[in-house]
Participant: 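Sharing a structure below in structure tokens format, with a few things to ask.
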Amino acid sequence: MDLGLAGKVAIVGGASQGIGAAIAAALAAEGARLVMWARRDPALAEAAERIRAATGAEIATVLGDVRRAEDHEKVVGTALTRFGQIDVLINNDGAPPLGLLMEFDDDAWQRAVAQNLLSVVRLSRLCVPSMRERRWGRIVNITAVSAKSPIAGFGLSVATWAGLIGFSKTLSREIGRDGITINTICPGRIDTDLSQRAFRRQAEIAGRPLEDVVAEAMERIPLRRIGRPEEIAAVVAFLASERAGYLTGTTIQVDGGSTESLL
Ligand SMILES: NC(=O)c1ccc[n+]([C@@H]2O[C@H](COP(=O)([O-])OP(=O)(O)OC[C@H]3O[C@@H](n4cnc5c(N)ncnc54)[C@H](OP(=O)(O)O)[C@@H]3O)[C@@H](O)[C@H]2O)c1
């Protein structure tokens, strides 16, 4: 299937490793031009180089922190200066710390809101005008299954991503007439550095051996395995494509079947 992404310009966050790097690689393989961003080099430059070598894609990289407004302007400014347009915005990065809700202070909450919610609000505000010019755009957010089915210890993300899902559904109703879609993916356990850290921290919070926590998580996944970053990237590439033109305002879990609910 031709996804119709050749020549499109995509901004991909958290692109130096894990899910973001896999998304960047999938979009580049479809012929998209990329702005990849994250906080640190050499990881970001190396990821971009690997994707350039594999696909020949045109790629700009930007170092920035998703919690900082000036970095959002830097990222969007780079896309417009280098490529003259923005067609696809992928909102992906790390995650706020795990821990019990009653133990976080206002500062931790403000950082979590800045990371998981305000960043998407600002980046959407900055990118939608360029998408409107061509009456075509795709915004895809990466959250987690915990946003649909809360897990103790993940509260900062659960609460802020619930806000993001509300923002996205509302925005879908306001920008649909411009040919712009916005959808949210909720990954389950995916094999990245972050999931290894999350397993260790969950074991710590529960005061249980790591092996038990991992084994229990596997039991809850009908497909009985952890997902691969490429399996998230494939769904994102579809949502970002011409082919997904009638899909907007959705929240889709890609979790091996682990979410225990009908919605
Ligand atoms: N892996 C899973 O099992 C899983 C499950 C559900 C949901 N998710 C969600 O999927 C997203 C990606 O996770 P992942 O597993 O791919 O994580 P990862 O392997 O740790 O990669 C995170 C990426 O985001 C960048 N990043 C982190 N904090 C950032 C910040 N403040 N500003 C800008 N960039 C930042 C990192 O680079 P720098 O550190 O250099 O900035 C890196 O490129 C996260 O939101 C995570 O919560 C993951």
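One-based numbering along the sequence shown. Keep in mind the model is a prediction, meaning the values are calculated, not measured. The basis for the numbers below is simple: all heavy atoms, side chains too, and nothing from hydrogens, waters or symmetry mates.
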Participant: For the side chain of Ser130 and the backbone of Cys127, is there at least one donor-acceptor N/O pair under 3.5 Å apart?
Facilitator: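 Such a contact is absent between Ser130 side chain and Cys127 backbone.
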
Participant: Locate the shortest heavy-atom distance separating Phe238 from Ala244; write the atom from each residue and the value.
Facilitator: O-CB, 3.1 Å

Participant: Look at the side-chain heavy atoms of Ile, Leu, Val, Met, Phe, Trp and Tyr, link any pair under 4.5 Å apart, and say whether Ile86 and Leu27 land in one connected group.
Facilitator: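 Unlinked, Ile86 and Leu27 end up in two clusters.
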
Participant: Tell me, do Val254 and Ile190 make a side-chain contact under 4.5 Å, heavy atoms counted?
Facilitator: no

Participant: Met36 and Ala15: which non-hydrogen atoms are nearest, and at how many Å?
Facilitator: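 The answer is CE-O, 3.4 Å.
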
Participant: Got a donor-acceptor contact below 3.5 angstrom from the Asn183 side chain to the Leu239 backbone?
Facilitator: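 No: the side chain of Asn183 does not pair with the backbone of Leu239.
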
Participant: Are any side-chain N or O atoms of Ser149 and backbone N or O atoms of Thr259, one a donor and one an acceptor, separated by less than 3.5 Å?
Facilitator: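 Checked: no pair found.
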
Participant: Would you indicate whether Arg173, at its atom CZ, is surrounded by more than 12 heavy atoms from other residues, nucleotides or ligands within a distance under 6.0 Å?
Facilitator: no

Participant: Side chains of Glu219 and Arg224, heavy atoms from C-beta outward: is any pair under 4.5 Å?
Facilitator: yes

Participant: Carefully, step by step, assess Glu216 and Arg220 under the rule salt bridge (charged side-chain N to carboxylate O under 4.0 Å, His left out).
Facilitator: CA-CA 7 Å; Glu216 204 176 274; Arg220 279 202 227 102; 3.0 Å; yes

Participant: Which heavy-atom pair separates Ala25 from Ile51 by the least distance, and what is that distance?
Facilitator: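 For Ala25 and Ile51, the tightest heavy-atom pair comes out as N-CD1, 3.6 Å.
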
Participant: Is a side-chain donor or acceptor of Asn92 paired with a backbone partner of Gly13 at a separation under 3.5 angstrom?
Facilitator: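 Such a contact is found between Asn92 side chain and Gly13 backbone.
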
Participant: Would you name the heavy atoms of Thr181 and Arg138 that are closest together and state the gap between them?
Facilitator: OG1-CD, 3.1 Å

Participant: Can you check whether Gln115 reaches Thr160 side chain to side chain, under 4.5 Å on heavy atoms?
Facilitator: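 They are not in contact (no side-chain heavy atoms under 4.5 Å apart), so the answer is no.
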
Participant: Which of these passes side-chain contact (heavy atoms from CB on, under 4.5 Å) with Val213: Arg201, Met218, Gln202?
Facilitator: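 Considering Arg201, Met218, Gln202, a side-chain contact (heavy atoms from CB on, under 4.5 Å) with Val213 is found only for Gln202.
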
Participant: Quick one: are Ser119 and His72 in side-chain contact, heavy atoms under 4.5 Å?
Facilitator: yes

Participant: According to a 4.5 Å side-chain heavy-atom criterion applied to Ile, Leu, Val, Met, Phe, Trp and Tyr, with indirect links allowed, do Ile175 and Val76 form part of one hydrophobic cluster?
Facilitator: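 Yes, one cluster joins them.
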
Participant: Using a 3.5 Å distance criterion without hydrogens, assess whether the side chain of Arg33 forms a donor-acceptor pair with backbone atoms of Gly7.
Facilitator: yes

Participant: Taking Ser124 as the fixed residue, which of Asn141, Ile180, Leu89 is the one that meets the side-chain contact (heavy atoms from CB on, under 4.5 Å) rule?
Facilitator: Leu89

Participant: I'd like to know if Val140 and Ile23 are part of one continuous hydrophobic network [Ile/Leu/Val/Met/Phe/Trp/Tyr, side-chain heavy atoms within less than 4.5 Å].
Facilitator: yes

Participant: Can you hop from Val158 to Ile142 via hydrophobic side chains spaced under 4.5 Å?
Facilitator: no

Participant: With a 4.5 Å limit on heavy-atom distance, are the side chains of Asp178 and Met131 in contact?
Facilitator: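 No - every pair of side-chain heavy atoms lies 4.5 Å or more apart.
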
Participant: Are Val214 and Ile221 in one and the same hydrophobic cluster, where Ile, Leu, Val, Met, Phe, Trp and Tyr link if side-chain heavy atoms are under 4.5 Å apart?
Facilitator: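 Val214 clusters together with Ile221.
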
Participant: Counting distance only, does the side-chain N/O of Thr81 pair as donor-acceptor with the main-chain N or O of Thr78 below 3.5 Å?
Facilitator: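 Not confirmed, Thr81 side chain does not pair with Thr78 backbone.
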
Participant: In terms of heavy-atom contacts, does CZ of Arg225 have more than 12 from other residues, nucleotides or ligands at under 6.0 Å?
Facilitator: yes

Participant: Restricting to non-hydrogen atoms, name the atom on Asp71 and the atom on Asp65 that form the minimum distance, rounded to 0.1 Å.
Facilitator: OD2-N, 2.7 Å

Participant: Under 4.0 Å between a side-chain nitrogen and a carboxylate oxygen: does that hold for Lys74 and Glu70?
Facilitator: no

Participant: State whether the side chain of Arg52 and the backbone N or O of Ile59 hold a donor-acceptor pair below 3.5 Å, judged by distance alone.
Facilitator: yes

Participant: Tell me, do Cys186 and Trp161 make a side-chain contact under 4.5 Å, heavy atoms counted?
Facilitator: no

Participant: For residues Leu156 and Asn116, determine if any side-chain heavy atom of one lies less than 4.5 Å from a side-chain heavy atom of the other.
Facilitator: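 No, every pair of side-chain atoms sits at 4.5 Å or beyond.
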
Participant: Between Thr55 (side chain only) and Ala57 (backbone N and O only), is there a donor and an acceptor less than 3.5 Å apart?
Facilitator: yes

Participant: For Ile182, is there any backbone N or O sitting under 3.5 Å from a side-chain donor or acceptor partner on Thr248?
Facilitator: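 Checking the backbone N and O of Ile182 against the side chain of Thr248, a donor-acceptor pair under 3.5 Å is found.
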
Participant: What's the spacing between Gln85 CD and Arg134 CZ if we round to 0.5 Å?
Facilitator: 4.0 Å

Participant: Could you tell me whether the side chain of Arg228 and the main chain of Asp191 form a donor-acceptor pair under 3.5 Å?
Facilitator: no

Participant: Is the shortest side-chain heavy-atom distance between Val88 and Trp136 below 4.5 Å?
Facilitator: yes

